[in-house]
Amino acid sequence: MSDLRKNYTGIYSLMLTPYKEDKTVDYTTYEEYTHWQVSQGVEHLFAVCGSSEMAQLTLDERLKLASLTVKNKGNTTVVATANMEWGFDAQVEEVKKMSDTGVDGLVFTTKGMGDRPDELVEYIGKLCEYTSLPVFMYEFPGLKPHLISGDTYGRLVRECGIYGIKDTTCTVPGIKEKIDQKGESCVIQANMPFLFEAFKMGSRGVMATPTTCGGAFFTRFFDAFMKGDMALAEQRFNEITLLDNCIDSGFNNSAKYLVQLQGIKGMRPINRADTPLSSARMESIKSFYNWCVQNGLMK
């Protein structure tokens, strides 16, 4: 098994939440999907994230999904968001319960304090006291203002022992600010257009929406980059860009449909936000999938 304290760079595949027709969680399909994600060759799984629709899930649902991810994680490690409840005392209990699921690390959102650095650092420091697990930060767009400065991130690393951050600034200056302050931590990318450039600047991780349905694309990119084959890494980056464009409209149902095409039949393209895919979008995604199969990028 991988030790997250020593190996916290690499690809963190985000986990989708499958639903039955009545929009209750389909836990059987989730376990099948987790096995499929592991088969993509990624190092880590990110359960209970934005792509999982964590804001639409109850605490019990989030804890069960995390537990099932741990149960089926294979040789990967698992991280999960652990501060979605409202009120600090409720979050403390959430941290304890999520830690008890067996996850290898916790993820804390900036909880709408992106523009209040002193308050954020104090808050994260206090929350970290209730777990012995590695902690990562997440600029979760669902709780605004969510973006933090490089200086604030540096303080979180130095004062709170943060291992990394899912950066969602989606700008080169914003990414570079954090890389300049990262110390021994890992700046983990959510933005695909600047992925290659961010890796050249020193980023060494990915937590991005296309990992929900194409983790192997990222392992191929990461392997090529780390071997120093920049021509191949650029090719792999271009393939990731195509995947990103394919699922951009209608996410996360677009990703769910692409997973279904790859063999996880129970992954219905439905979510609790009621954003159905049109027949035209589904046909477009199917066309992309067929192209990937023809070119050896998907099975």
Any chance you could lay out the side chain to side chain contact (heavy atoms under 4.5 Å, CB included) test for L65 and M15, step after step, and finish with the verdict? CA-CA 9 Å; L65 288 170; M15 299 295 288; over 6 Å; no

Give the intermediate values and the outcome of side chain to side chain contact (heavy atoms under 4.5 Å, CB included) for residues F251 and T275. CA-CA 8 Å; F251 187 79; T275 54; over 6 Å; no

May I have the step-by-step check of side chain to side chain contact (heavy atoms under 4.5 Å, CB included) for K166 and Y138, ending in yes or no? CA-CA 5 Å; K166 179 178 178 180; Y138 180 7; 3.4 Å; yes

Show your working on salt bridge (charged side-chain N to carboxylate O under 4.0 Å, His left out) between K126 and E129 and close with a plain yes or no. CA-CA 5 Å; K126 288 181 178 178; E129 294 176 3; over 6 Å; no

Check against side chain to side chain contact (heavy atoms under 4.5 Å, CB included), N7 and T77: CA-CA 9 Å; N7 176 31; T77 63; over 6 Å; no

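When only modelled atom types and interatomic distance are considered, S149 and D151 share no side-chain donor-acceptor pair under 3.5 Å. Between the side chains of Y30 and T69, at least one donor N or O sits under 3.5 Å from an acceptor N or O.
Judged by distance alone, with hydrogens and angles left aside, the side-chain atoms of R268 form a donor-acceptor pair with the main-chain N or O of Y19 at under 3.5 Å. Of the possible donor and acceptor atoms, one in the side chain of E139 sits under 3.5 Å from a partner among the backbone N and O of I148. In terms of modelled atom types and a separation under 3.5 Å, the side chain of N295 and the main chain of L297 share no donor-acceptor contact. Put simply, the side chain of K256 gets close to the backbone of T17: a donor and an acceptor are under 3.5 Å apart. Side-chain atoms of S203 come within 3.5 Å of backbone N or O of V187 as a donor-acceptor pair. At least one donor-acceptor pair closer than 3.5 Å links the side chain of E177 to the backbone N or O of G150. Although no hydrogens or angles enter the test, the distance criterion places no donor-acceptor pair under 3.5 Å between the side chain of R204 and the main chain of T9. Remark: side-chain polar atoms of Y289 are paired, donor with acceptor, to backbone N or O of L261 under 3.5 angstrom. With Y163 contributing its side chain and V157 its backbone, the two residues share no donor-acceptor pair below 3.5 Å. Side-chain atoms of D104 come within 3.5 Å of backbone atoms of V78 as a donor-acceptor pair (strictly under, hydrogens ignored).
Here T219 contributes atom OG1 and I11 contributes atom CD1; the two are 7.5 Å apart, rounded to the nearest 0.5 Å. How far CG of D167 is from CE of M137: 12.0 Å, rounded to the nearest 0.5 Å. Atom CG of L16 and atom OG1 of T212 lie 4.5 Å apart (nearest 0.5 Å). Note: I124 CD1 to L156 CG = 6.5 Å, rounded to the nearest 0.5 Å. In this structure, CH2 on W36 lies 15.0 Å from CG on N72, to the nearest 0.5 angstrom. If you take CZ on F221 and CD1 on I240, they are separated by 6.0 Å, rounding to the nearest 0.5 Å.
In the hydrophobic clustering of ILVMFWY residues, with side-chain heavy atoms under 4.5 Å counting as a link, L232 and F218 come out apart. I162 is not connected to L147 by any chain of hydrophobic side-chain contacts under 4.5 Å among Ile, Leu, Val, Met, Phe, Trp and Tyr, and they are in different clusters.
Of the options L14, T168, I165, a side-chain contact (heavy atoms from CB on, under 4.5 Å) to M207 is made by L14 and by none of the others. Screening T169, L195, D180 for a side-chain contact (heavy atoms from CB on, under 4.5 Å) with I175, the sole residue that qualifies is T169.
Under a cutoff of 6.0 Å and an axis angle of 45°, R220 and F217 form a cation-pi pair.
Put simply, the side chain of V172 reaches to within 4.5 Å of the side chain of M201, judged on heavy atoms. With a 4.5 Å cut-off on side-chain heavy atoms, C49 and Y12 do not count as touching. Within the 4.5 Å cutoff, the side chain of L258 has heavy atoms near those of the I247 side chain. Within the 4.5 Å cutoff, the side chain of D60 has no heavy atoms near those of the K64 side chain.
Contacts of F237 classified as ring pair (Phe, Tyr, Trp, His ring centres under 6.0 Å), with partners at least two apart in sequence or in another chain: F196. Under the rule for a salt bridge (Lys or Arg N to Asp or Glu O under 4.0 Å), the partners of K71 that lie at least two apart in sequence or sit in another chain are E31.
No more than 12 heavy atoms of other residues, nucleotides or ligands sit less than 6.0 Å from atom NZ of K176.
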Contacts table for residues 89-96: side-chain donor-acceptor under 3.5 angstrom, sequence neighbours left out:
residue	atom	partner	partner atom	Å
Q91	OE1	Y123	OH	2.4
Q91	NE2	E85	O	2.9
E94	OE1	M84	N	3.0
E94	OE1	E85	N	2.9
E94	OE2	R62	NH2	3.2
E94	OE2	M84	N	3.1

